[in-house]
Number of protein chains: 4
Amino acid sequence: MSPKVTQAYKEEKKAVILEGALHCFTEKGFQATTMDDIVRHLGISKGAIYSYFASKEEMYIQMADDKMNAMLENSTETFKSMPSAADQIRYMYNRFRSQSLTELRKWMAFHLEFMLYAARQPQLTQRWNEYADKALVFIKDIMDGGKLTGEFRSDLDSAAASRLFWSIRDGLALQYMLSGEEADYKRTIDDMESMVFRYIMG
Amino acid sequence: MSPKVTQAYKEEKKAVILEGALHCFTEKGFQATTMDDIVRHLGISKGAIYSYFASKEEMYIQMADDKMNAMLENSTETFKSMPSAADQIRYMYNRFRSQSLTELRKWMAFHLEFMLYAARQPQLTQRWNEYADKALVFIKDIMDGGKLTGEFRSDLDSAAASRLFWSIRDGLALQYMLSGEEADYKRTIDDMESMVFRYIMG
Amino acid sequence: MSPKVTQAYKEEKKAVILEGALHCFTEKGFQATTMDDIVRHLGISKGAIYSYFASKEEMYIQMADDKMNAMLENSTETFKSMPSAADQIRYMYNRFRSQSLTELRKWMAFHLEFMLYAARQPQLTQRWNEYADKALVFIKDIMDGGKLTGEFRSDLDSAAASRLFWSIRDGLALQYMLSGEEADYKRTIDDMESMVFRYIMG
Amino acid sequence: MSPKVTQAYKEEKKAVILEGALHCFTEKGFQATTMDDIVRHLGISKGAIYSYFASKEEMYIQMADDKMNAMLENSTETFKSMPSAADQIRYMYNRFRSQSLTELRKWMAFHLEFMLYAARQPQLTQRWNEYADKALVFIKDIMDGGKLTGEFRSDLDSAAASRLFWSIRDGLALQYMLSGEEADYKRTIDDMESMVFRYIMG
DNA sequence: TATGAATGAGAGTTCATTCAT
DNA sequence: AATGAATGAACTCTCATTCAT
């Protein structure tokens, strides 16, 4: 009856449910996924889900929120230790390269569907933008660092450059969303990287 | 009785219906739009729509098909007369700049939702890819032209470059999908343009 | 403008429409046949049909009525000239034999569906019964004739026997409705015939 | 949680639903009965029905299947103990006699409508024929038994005779479907019986 | 008269959510 | 807290009938 235990248990259970739901949403999309799909996949009852989440929509939003936060958090940690801005950018591209096309596609499907969903709900648009801003600032800080150390050209517009950085990355993901092979994809990331470096360095 | 009149009338009516449906799909999304929404918006009866289109899905696919074709057709025409490859690329960026953010967002919302939809249906994926290939080849031809005239660097990988071209464009549209202002958007296109030229020219 | 011509034309047109409708009803059943089916088959317009018949149902009833009358009429004619009751019965069986299984099945499908339809509408039930009575009386008259001439046994209950006559005939049609081959069918008619004769003769 | 309870409950519920649906189908016919009719009659929700049956059609087929099986099963049991083939046939006629005209009519309405329905769907035709074959074989076995014991004439074509047996029975039901009174009906069964015995015995 | 585009009530079916157990 | 049978509003699609031309 200790509330602490109950609380921990609840958090864990919520996480398990969200994981199962994510699997389904990724497979079929949010709208096309039924509560029955989720329930079947998780092997629990509908009531159980509704005792943790008020609605299918709430699960979705919660899930997207978790994803966004996870991505930002796991970014900031690693970078503290790298002294070179160029290395930090390179590290980002390595991370892009490490994701398989299959993973990328699933990730994008979820990401895009939520974006469309958010575009129609002002409060979600707001939250989404906060997340997008953080991602922009994250790269901008690296760019600014590079300018200070002289690695990047001094007249670089770091705000614009970080926008370009993400544009290229997102656009590439979009390009390979429906077709293309792993090897081509990896090669295009290389090109993307070299183009970006050509742009930010002298 | 005259087939000409009837035929023309039918084509016109189909177009009107598609226009009305597009309006609704853009507003709420394909899945969230009900036939009642469309019917209300158009001020006609349900039966009328179903005598022109077999299903909601058919309308959607027809619509997407029309959009794709329209885009490709209106591209090829204008370019015949331009002698310089650089001018052709510049012309493309001017076209990007001429589209307002509001238009862009509507366009993207439709575009992305259909892409997600297509991703789950093999035959649509197929058709989508054919369209994407044409867009790629269109830019690649320009790049190859520029290499021949010496405008672009001779070691440019035109296939990769055209992929990058579209990646950047699509990514930028994605970036500005949920936030950003007109002026910033235009400026980012400028940056995008200069980055691309930096990459394709010597 | 002569009313006679118009009248004749109308009758002819009605007959053509009913013929086309019958074809469709036989193929798919009354309920499953749409006005579009009929219109397509006939190559005329919906309005045309509605200027001759008030409703799909009216066509159906009219059609069934015509069929019943036709059958009774074409029976009575031929029999006047036959002196022997046994020959008359034999003639009936020959007529049964002359109908192919395919024809029989189509005929039965229409017949049965209308029967079910009529069973739910008192006025149609009434009309159906009048027709059925005529068919019964027709055979009963033959039976009575046979008793008078001594061809059939004198203690024969002609009313009951005619009921049996039709029961056997209808039941056989039912038996072969969904399966069975032409040759078997013909043989079963033979058996049926011999059984009936065994019953009505001494 | 106990599967036994749940399973039993579900079976019972399915039976209740089928019973209610049968009532409606018998009243108005399969096609004319709407899901709303059934729902109203049963006092449950539409969703409830769809959690037990996938479609209106599935209910219908299930129902017809149950009816067929019930009829065959309840036949075979009782006959094991009867030594005389003639008694077995006589027993059948007693069973026919024991069914009231009202029951018979309802039964026939369902039976015939399903037959028409099945006639247009090859797989159902198939299943229907299997059932019909079993009914034929059931009588044929009795006939063969009677030939062996010498009760029936030795040159009897038992296959043909069983076909006739059912033809007469089905045809009689058809005869009395729309008109006729209980007493007449019973009497005609007597005639039918005597005619059949006249035919199968020497 | 004939046409066939248009109507709209009503069909079968789905599924997020509730609540008695 | 967990279950899953039940709900019923909302969905897509059909089709007999009408009526302006």
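Note that this is a predicted model, so its numbers are computed, not measured. Reminder, nothing fancy here: chain letters follow the sequence lines and each chain counts from 1.
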Answer yes or no: does a side-chain N or O of [X] lie under 4.0 Å from OP1 or OP2 of [N]?
X	N	answer
A/S45	F/dA2	no
B/Y9	E/dA6	yes
C/S51	E/dA2	yes

Take the protein atom [atom1] of [X] and the nucleotide atom [atom2] of [N], then report the distance between them rounded to whole Å.
X	N	atom1	atom2	result
C/I17	E/dA2	CD1	C1'	11 Å
B/L42	E/dG8	CG	C1'	16 Å
C/F53	E/dT1	CZ	C1'	16 Å
C/E58	F/dT17	CD	C1'	14 Å
D/I49	F/dA9	CD1	C1'	16 Å
A/R40	F/dA5	CZ	C1'	16 Å
B/I44	E/dA5	CD1	C1'	11 Å
B/K10	E/dT3	NZ	P	15 Å

**Message:** Under 4.0 Å, counting only non-hydrogen atoms across every strand here, what does B/Y52 touch: a base, just sugar-phosphate, or nothing?
**Reply:**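 Sugar-phosphate, backbone atoms only, no base.
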
Using modelled atom types only, decide if a donor and an acceptor are shared between the side chain of [X] and the backbone of [Y] within a distance under 3.5 Å.
X	Y	result
A/D37	A/T34	yes
B/N129	B/Q126	no
A/T125	B/L178	no
A/T26	A/K106	no

**Asked** Do C/K56's NZ or CZ and the ring of C/F30 fall within the cation-pi criteria of under 6.0 Å and 45°?
**Response**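 Verdict for C/F30: a cation-pi partner in C/K56.
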
**Item:** Axial cation check for C/Y52 ring with C/K13, 6.0 Å and 45° limits
**Value:**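 No.
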
**Message:** Just to be sure I follow the notation: if a pair is Watson-Crick (purine N1 to pyrimidine N3 plus N6-O4 or O6-N4) or a G-U wobble (N1-O2 and O6-N3), each under 3.5 Å, what dot-bracket string does DNA chain E give, with | for pairs to another strand?
**Reply:** .||||||||||||||||||||

**Prompt:** Nearest nucleotide by nearest heavy atom, which residue falls closer to the 5' end of DNA chain F, C/E57 or D/K13?
**Reply:**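 Nearest nucleotide further toward 5': that of D/K13.
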
**Request:** Taking the side chain as every heavy atom from C-beta outward, state whether A/I17 and A/I44 have any atom pair closer than 4.5 Å.
**Result:**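 They are in side-chain contact.
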
**Distance flag, aromatic centroids of A/F110 and A/Y60, threshold under 6.0 Å** =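 Aromatic pair counts; centres sit under 6.0 Å.
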
Taking N or O atoms only and anything under 3.5 Å, show me the protein contacts with nucleotides 14-16 of chain F, one pair per line.
{"unit_1": "F/dA16", "atom_1": "OP1", "unit_2": "C/K56", "atom_2": "NZ", "d": "3.2"}
{"unit_1": "F/dA16", "atom_1": "OP2", "unit_2": "C/M35", "atom_2": "N", "d": "2.7"}

**Request:** Would you please name every residue forming a side chain to side chain contact (heavy atoms under 4.5 Å, CB included) with B/R127, sequence neighbours left out?
**Result:**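 For B/R127, the residues satisfying side chain to side chain contact (heavy atoms under 4.5 Å, CB included) (neighbours in sequence not counted) are B/I61, B/D65, B/L124, B/E130.
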
